[in-house]
K.L.:
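Please see the structure below; I have some questions.
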Amino acid sequence: MANEADPCACELGDVMPYIGHGREVRAGHVDSYLSAALPGGHGDQSSDRGLIIVQDIYGWRLPNTRFIADWLAGEGYTCIVPDFFLGKEPWGPHHDWSTFQEWRKDKQPTNIAKEIDAAMDYLKTECGVQRIGVLGFCWGGLAVHHLLLTNSELRAGVACYGIIREEEHRYALKNPVLYIFGEMDTFIPLDMVHSLEKRLAAECQVDVHVKVFPGQTHGFVHRKHEDISPADEQHIKEARADLLAWLNKYV
């Protein structure tokens, strides 16, 4: 059960009452959620754009993540959300935060290359995708950073509130990445964000952008209701518009 004396720093937030318009498929060795690009979306002229969405700690079946996949499918991207935990139990509100480090030992966001390859192969062979980007939230945001250090086939990335610590030591990205953070994120202090920005400016030779949204908390892009308040709604919609514009520009 949850430990009230040591609350989770990555709160679940608002779970959408959302079923999803896509379907579950098997991409190589990985169960995945697939949402096909819809006619009329950006890039519909060739239907060759795909997007891998990397889950947060709450897993690939979180309705909010599937909502994002379906939204981006409506913008012309065939989206796949793989189960990067490979059937292992995702984090949940009932877990005790003091056990988090033990829980994540076999769920490292820096060790998902095989699952990414399986998703890319599925998009190419089963969906006719030729250009692929990657979007990640929280746990997946860190994954995006590491993927773009080595995988030049991923044309662009968007990392939403990924914890990129100073000890990572690697910032020479292969392709453009947009980093999105919330000003009031207690999980990722602003000094960590500023350090990331400085290191990227010093070492990265491709286009990168770090954007901090005023008053926003961890998970705001996909785990907060848009209508929670007028100010929050503005920032949530702006962040989603920014990530879509970034993908449209580079994928």
K.L.:
So, for Asp207 and Lys249, which heavy atoms are closest and what is the spacing to 0.1 Å?
P.N.:
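Where Asp207 meets Lys249 most closely, the heavy atoms are OD2-NZ, 4.0 Å.
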
K.L.:
Checking side chain to side chain contact (heavy atoms under 4.5 Å, CB included) for the pair Met192/Ile163: CA distance, chi angles, key distance, verdict?
P.N.:
CA-CA 8 Å; Met192 185 185 295; Ile163 305 174; 3.8 Å; yes

K.L.:
Does the plane of the ring in Tyr250 sit parallel, tilted or perpendicular to the ring in Trp246? Use 30° and 60° as the thresholds.
P.N.:
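It falls in the tilted class, 30° to 60°.
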
K.L.:
Do other residues, nucleotides or ligands put more than 12 heavy atoms under 6.0 Å from the NZ atom of Lys174?
P.N.:
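Counting neighbours around NZ of Lys174, 12 or fewer heavy atoms of other residues, nucleotides or ligands fall under 6.0 Å, so no.
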
K.L.:
Could you tell me whether Arg66 and Glu24 make a salt bridge, using a distance below 4.0 angstrom between a side-chain N and a carboxylate O?
P.N.:
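Between Glu24 and Arg66 there is a salt bridge, with a charged N closer than 4.0 Å to a carboxylate O.
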
K.L.:
Any side-chain heavy-atom pair from Met120 and Asn151 closer than 4.5 angstrom?
P.N.:
yes

K.L.:
Could you tell me if the side chain of Asp56 sits less than 4.5 Å from the side chain of His222, heavy atoms only?
P.N.:
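A side-chain contact exists here, since the closest heavy-atom pair is under 4.5 Å.
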
K.L.:
Which heavy atom of Thr99 sits nearest to which heavy atom of Asp96, and what is that distance?
P.N.:
OG1-O, 2.6 Å

K.L.:
Kindly give the heavy-atom pair with the smallest separation between Leu154 and Leu148, and that separation in Å.
P.N.:
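Of all heavy-atom pairs spanning Leu154 and Leu148, the closest is O-CD1, 3.6 Å.
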
K.L.:
State whether the number of non-hydrogen atoms from other residues, nucleotides or ligands found under 6.0 Å of Arg26 atom CZ is greater than 12.
P.N.:
yes

K.L.:
Check whether any side-chain heavy atom of Trp91 lies under 4.5 Å from a side-chain heavy atom of Trp97, and answer yes or no.
P.N.:
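With C-beta onward as the side chain, the pair touches.
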
K.L.:
Do the rings of His145 and Tyr179 sit parallel, tilted or perpendicular, given the 30° and 60° boundaries?
P.N.:
tilted

K.L.:
Without swapping roles, check the side chain of Arg49 against the backbone of Val251 for a donor-acceptor pair under 3.5 Å.
P.N.:
yes

K.L.:
If the threshold is 4.0 Å, N to carboxylate O, is there a salt bridge linking Lys124 and Glu153?
P.N.:
yes

K.L.:
Is the side chain of Glu183 donor-acceptor paired with the backbone N or O of Gly215 at a distance under 3.5 Å, no angle test?
P.N.:
yes

K.L.:
For Ala118 and Ala27, which heavy atoms make the closest approach, and how far apart are they?
P.N.:
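Scanning both residues completely, I find the closest heavy atoms to be CB-O, 3.6 Å.
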
K.L.:
Give, for atom CG of Asp191 and atom CG of Leu196, the distance between the pair rounded to the nearest 0.5 Å.
P.N.:
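So the CG of Asp191 and the CG of Leu196 are separated by 11.5 Å.
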
K.L.:
Less than 4.5 Å apart, any side-chain heavy atom of Ile68 and any of Leu135?
P.N.:
yes

K.L.:
Flag the pair Leu86 / Glu115 as yes when at least one side-chain heavy-atom distance between them is below 4.5 Å, and no otherwise.
P.N.:
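Yes, at least one pair of side-chain atoms sits under 4.5 Å.
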
K.L.:
If you look at every heavy atom in Cys79 and Leu72, which pair is closest and at what distance?
P.N.:
SG-CB, 3.7 Å

K.L.:
Can a donor-acceptor pair be found, under 3.5 Å and without considering hydrogens, that links the side chain of Tyr122 to the backbone of Ile80?
P.N.:
no

K.L.:
Check for me, please, whether Phe187 and Met184 land in the same ILVMFWY cluster - side-chain distances under 4.5 Å, paths through other members count.
P.N.:
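In one cluster with Phe187: Met184, no.
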
K.L.:
Is the closest side-chain heavy-atom distance between Thr150 and Arg170 below 4.5 Å?
P.N.:
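In contact.
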
K.L.:
Locate the shortest heavy-atom distance separating Gly141 from Ala159; write the atom from each residue and the value.
P.N.:
O-CB, 3.4 Å

K.L.:
Looking at Ile112, Ile52, Val177, which one forms a side chain to side chain contact (heavy atoms under 4.5 Å, CB included) with Leu147?
P.N.:
Ile112

K.L.:
Looking only at the side chains, is there a donor atom on one of Tyr18 and Asp70 sitting less than 3.5 Å from an acceptor on the other?
P.N.:
yes

K.L.:
Under 3.5 Å, side chain of Trp103 to main-chain N/O of Glu89, donor-acceptor pair present?
P.N.:
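Answer holds: yes.
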
K.L.:
Less than 4.5 Å apart, any side-chain heavy atom of Phe213 and any of Asp242?
P.N.:
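Phe213 reaches Asp242 side chain to side chain.
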
K.L.:
How about Asp232 and Gln216: does a side-chain donor come under 3.5 Å of a side-chain acceptor?
P.N.:
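A donor-acceptor contact under 3.5 Å links the two side chains.
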
K.L.:
To the nearest 0.5 angstrom, please state how far the NZ atom of Lys198 sits from the OH atom of Tyr171.
P.N.:
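Answer rounded to 0.5 Å: 12.5 Å.
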
K.L.:
Output the distance between atom CD1 (Ile164) and atom CD1 (Ile188), rounded to the nearest 0.5 Å.
P.N.:
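CD1 of Ile188 is found 7.0 Å from CD1 of Ile164.
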
K.L.:
So do Pro90 and Leu62 actually touch side chain to side chain, heavy atoms under 4.5 Å?
P.N.:
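The answer is no; the side chains never approach within 4.5 Å.
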
K.L.:
Are Phe137 and Val30 connected, step by step, through hydrophobic side chains (Ile, Leu, Val, Met, Phe, Trp, Tyr) whose heavy atoms are closer than 4.5 Å?
P.N.:
no

K.L.:
Please find out if less than 6.0 Å separates the ring center of Trp60 from that of Tyr33.
P.N.:
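When the ring centroids of Trp60 and Tyr33 are compared, they turn out to be at least 6.0 Å apart.
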
K.L.:
How long is the gap from CZ on Arg240 to CD1 on Ile180, to the nearest 0.5 Å?
P.N.:
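Between atom CZ of Arg240 and atom CD1 of Ile180 there are 10.5 Å.
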
K.L.:
Is there a donor-acceptor contact under 3.5 Å from the side chain of Asp48 to the main chain of Gln130?
P.N.:
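Answer holds: no.
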
K.L.:
Do the rings of Trp139 and Phe85 sit parallel, tilted or perpendicular, given the 30° and 60° boundaries?
P.N.:
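Plane angle over 60°, so perpendicular.
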
K.L.:
Relative to the ring of Tyr161, is the ring of His218 parallel (under 30°), tilted (30 to 60°) or perpendicular (over 60°)?
P.N.:
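Because their plane-to-plane angle lies in the 30° to 60° range, the rings of His218 and Tyr161 count as tilted.
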
K.L.:
Rounded to the nearest 0.5 Å, what separation is found between the CD atom of Glu238 and the CG atom of Leu243?
P.N.:
11.5 Å

K.L.:
Return the CG to OG distance between Leu173 and Ser152, rounded to the nearest 0.5 Å.
P.N.:
12.5 Å

K.L.:
Is the side chain of Thr78 donor-acceptor paired with the backbone N or O of Ala37 at a distance under 3.5 Å, no angle test?
P.N.:
yes

K.L.:
Backbone N or O of Gln108 within a donor-acceptor pair of the Thr110 side chain at under 3.5 Å?
P.N.:
no

